[in-house]
Amino acid sequence: CLSCLRHNHSSTAYALGNIIGSGIFISPKGVLDHAGSVGFSLIVWVLGGGICALGSLCYAELGVTIPKSGGDYSYVTEIFGGLVGFLLLWSAVLIMYPTTLAVIALTFSNYVLQPAFPNCLPPYIATRLLATTCVLFLTWVNCSSVRWGTRIQDIFTVGKLLALVLIIVVGMIQIAKGHYDALAPQTAFEFIKDPSVGQIALAFLQASFAYSGWNFLNYVTEEVVEPRKNLPRAIYISIPLVTLVYTLTNIAYFSSMSPQELLDSNAVAVTFGEKLLGVFSWVMPISVALSTFGGINGYLFTSSRLCFSGAREGHLPYLLAMIHLKSCTPIPALLVCCTATIVILCIGDTHNLINYVSFINYLSYGVTIAGLLYYRWKKPKLFRPIKVNLLVPCSYLVFWAVLLGFSLYSEPVVCGMGLVIMLTGVPIYFIGVQWKNKPHWISSAVERVTYLGQRLCYVVFPQDDPSEIQPLTEKSEL
């Protein structure tokens, strides 16, 4: 059954498809707001791509040294042990993936509804209902068939590429006609508000949301052909290309919109289309809606795979490691992620949610890259097919420490809340994972819940693990 989850992908195309997502239609407003000027916001976009490149090189070394799927979670568990790995998994399941899904779903609903409300924001209830409907529908699709989920991903990738190509081409035509007032050196660095280190740190957090996905190739390391060659190649090609596309997209926005117009817009690409595309302005919201729709689908697929890895390691309930008997889809894991996403949809706005999830994302990246340095000290003689210069992880960690420190200082409630939720995993780990000799009534209750979940979702352990099938066989005989 697991073979249903394995597909052949070009490493570079896979990396590009996961990095270039709906974030570029969400983050420009937040980056400009915190950066304070057009020129500095463009610098943030370029430097953000450079930071991602440093992180990607470190992940490439970890990916071939510890060739396990699961990304950050697998590496940290191998290097630091179960507790740190569990905290990363806990934050990913409760914060990273559900919050990212909530942001993308809200963007989808905003872009779909904005043309119907040209002079005001779409109603709060309407955006939440449409976002929830979208998440529920795609959860159903992914529960029904792996093939349907991957086909949706392939088809709707066209949407984001169409939107970005259209924005860049139209923007370059505008610049060629001489419409670049906001980009002129004398005006580009006119600050809308007084800059501060804390605000600049938050600008990087906003940009990092658009770049998130650069480490997704490490979630499927076991499926990458010749990872020693293809992981670095995917990084060298994809990160500079994504940085170029994102920078050109922002330049295109400023070719037709003043900084204040961009900040006032609830759907930047829709405003861009209304100003320049005339009767064809409807193309833009449709293209972005397709992009975000595909983005939700991709994150649902990846999050269920992470839950599967965690349950296989014994860090999550075994029910989450089960797949449907016929369709081979991880229904319990998808339902958990869907539920958490809908809860977050109801309690936050897009801007704060991005700061919230980006802070936790950067925290997990830094811990993982610190693990690379510790692993070199712990196992200096271990063969490493890829070995990056020590300046690469050290440079990343310096930037990481400064960014997180000032972000926490500027947004203590939003960023601190994510940190608190992550730390709640400590007692959960010791009670749920470390405590082996639990009372019989607890073990019995867990077994009953697992059995009930199996019957409701019609799921079993993957059939290529006989040791895990045995308990199910015994149970069925009862």
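FYI, side chains are in, hydrogens and waters are out, and symmetry mates aren't considered; it's all heavy atoms of this structure.
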Visitor: Could you walk me through whether Leu101 and Val135 pass side chain to side chain contact (heavy atoms under 4.5 Å, CB included), step by step?
Guide: CA-CA 8 Å; Leu101 279 164; Val135 172; 5.6 Å; no

Visitor: Side chains of His315 and Tyr73: any donor to acceptor distance under 3.5 Å?
Guide: yes

Visitor: Of all the heavy-atom pairs spanning Val388 and Arg376, show the shortest one and how long it is.
Guide: O-NH2, 2.6 Å

Visitor: Quick one: does Ser410's side chain have a donor or acceptor within less than 3.5 Å of a partner on Ser407's backbone?
Guide: no

Visitor: For the side chain of Asp33 and the backbone of Lys29, is there at least one donor-acceptor N/O pair under 3.5 Å apart?
Guide: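 No; judged by distance alone, with no hydrogens or angles, the pair does not exist.
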
Visitor: Sub-3.5 Å donor-acceptor pair from the side chain of Asn297 to the main-chain atoms of Phe293, do we have one?
Guide: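 No, the answer is negative, given that no donor and acceptor are paired below the 3.5 Å cut-off.
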
Visitor: Between Tyr374 and Trp377, what is the ring plane arrangement, given parallel below 30°, perpendicular above 60°, and tilted in between?
Guide: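 Rings of Tyr374 and Trp377: tilted, 30 to 60°.
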
Visitor: Is there a side-chain contact between Phe86 and Ile428 in this structure, where contact means two heavy atoms from C-beta onward sitting under 4.5 Å apart?
Guide: yes

Visitor: For the pair Glu78 and Tyr375, evaluate side chain to side chain contact (heavy atoms under 4.5 Å, CB included) and give the outcome as yes or no after the intermediate values.
Guide: CA-CA 9 Å; Glu78 174 74 22; Tyr375 208 51; 3.6 Å; yes

Visitor: Quick one: does NZ or CZ of Arg128 land under 6.0 Å from the six-membered ring centre of Tyr124, within 45 degrees of the ring axis?
Guide: yes

Visitor: Counting C-beta onward and ignoring hydrogens, is there a side-chain heavy-atom pair between Ile386 and Leu62 closer than 4.5 Å?
Guide: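 Ile386 vs Leu62: side chains apart.
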
Visitor: Is it the case that the ring center of Tyr365 lies less than 6.0 angstrom away from the ring center of Tyr396?
Guide: no

Visitor: Verify salt bridge (Lys or Arg N to Asp or Glu O under 4.0 Å) between Arg384 and Glu61, making sure each step is shown before the conclusion.
Guide: CA-CA 7 Å; Arg384 292 171 171 83; Glu61 176 177 327; 3.6 Å; yes

Visitor: Identify the heavy atoms of Ser56 and Ile239 that sit nearest to each other, and give their distance.
Guide: OG-CD1, 3.7 Å

Visitor: Would you say Phe406 has more than 12 foreign heavy atoms packed within less than 6.0 Å of its CZ?
Guide: no

Visitor: Any side-chain to backbone donor/acceptor pair from Thr329 onto Cys143? Under 3.5 Å, distance only.
Guide: yes

Visitor: What pair of heavy atoms forms the shortest contact from Leu88 to Ser364, and how long is it?
Guide: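 The pair with the smallest heavy-atom distance is CG-CB, 3.9 Å.
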
Visitor: Would you check if there is a donor-acceptor pair between the side chains of Thr424 and Trp90 at a distance under 3.5 Å?
Guide: yes

Visitor: Check whether Ser327 reaches the backbone of His324 with its side chain - one donor and one acceptor, N or O, closer than 3.5 Å.
Guide: no

Visitor: For the backbone of Gln206 and the side chain of Ser27, can you confirm whether one donor and one acceptor N or O come within less than 3.5 Å of each other?
Guide: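 Indeed, once roles are kept as given, a pair shorter than 3.5 Å links the two residues.
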
Visitor: Between Phe399 and Phe204, does a ring pair (Phe, Tyr, Trp, His ring centres under 6.0 Å) hold up when you go through it step by step?
Guide: CA-CA 11 Å; Phe399 174 84; Phe204 274 103; 5.2 Å; yes

Visitor: Is it the case that over 12 heavy atoms from other parts of the model lie below 6.0 angstrom from the CH2 atom of Trp441?
Guide: no

Visitor: Please report the C-alpha distance between Phe209 and Thr100 in whole Å, then the side-chain angles of each, then the deciding distance to 0.1 Å, and finally whether the side chain to side chain contact (heavy atoms under 4.5 Å, CB included) criterion is met.
Guide: CA-CA 9 Å; Phe209 181 80; Thr100 302; 4.0 Å; yes

Visitor: Is there a side chain to side chain contact (heavy atoms under 4.5 Å, CB included) between Thr341 and Ile296? Walk through the geometry before answering.
Guide: CA-CA 11 Å; Thr341 301; Ile296 295 167; over 6 Å; no

Visitor: What are the two closest heavy atoms between Leu300 and Leu334, and how far apart are they?
Guide: O-CD2, 3.6 Å

Visitor: Would you mind telling me which of Ile344, Thr99, Leu205 makes a side chain to side chain contact (heavy atoms under 4.5 Å, CB included) with Val357?
Guide: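 Looking at Ile344, Thr99, Leu205, the match for Val357 under the side chain to side chain contact (heavy atoms under 4.5 Å, CB included) is Thr99.
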
Visitor: I'd like to know if the side chain of Tyr111 reaches the main chain of Phe25, judged simply by a donor and an acceptor atom lying under 3.5 Å from each other, with no hydrogens or angles considered.
Guide: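 Yes.
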
Visitor: Do any N or O atoms from the side chain of Ser444 and from the backbone of His440 form a donor-acceptor pair under 3.5 angstrom?
Guide: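 Checking the backbone N and O of His440 against the side chain of Ser444, no donor-acceptor pair under 3.5 Å is found.
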
Visitor: Just by distance, do the side chain of Trp400 and the backbone of Tyr362 share a donor-acceptor pair under 3.5 Å?
Guide: yes

Visitor: Are any side-chain N or O atoms of Tyr409 and backbone N or O atoms of Gly198, one a donor and one an acceptor, separated by less than 3.5 Å?
Guide: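 Side chain of Tyr409 to backbone of Gly198, a donor-acceptor pair under 3.5 Å: no, none is there.
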
Visitor: Can you see which heavy atom on Val433 is nearest to which on Gly314, and at what distance?
Guide: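 Looking at all heavy atoms of both residues, the shortest contact is CG2-O, 3.9 Å.
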
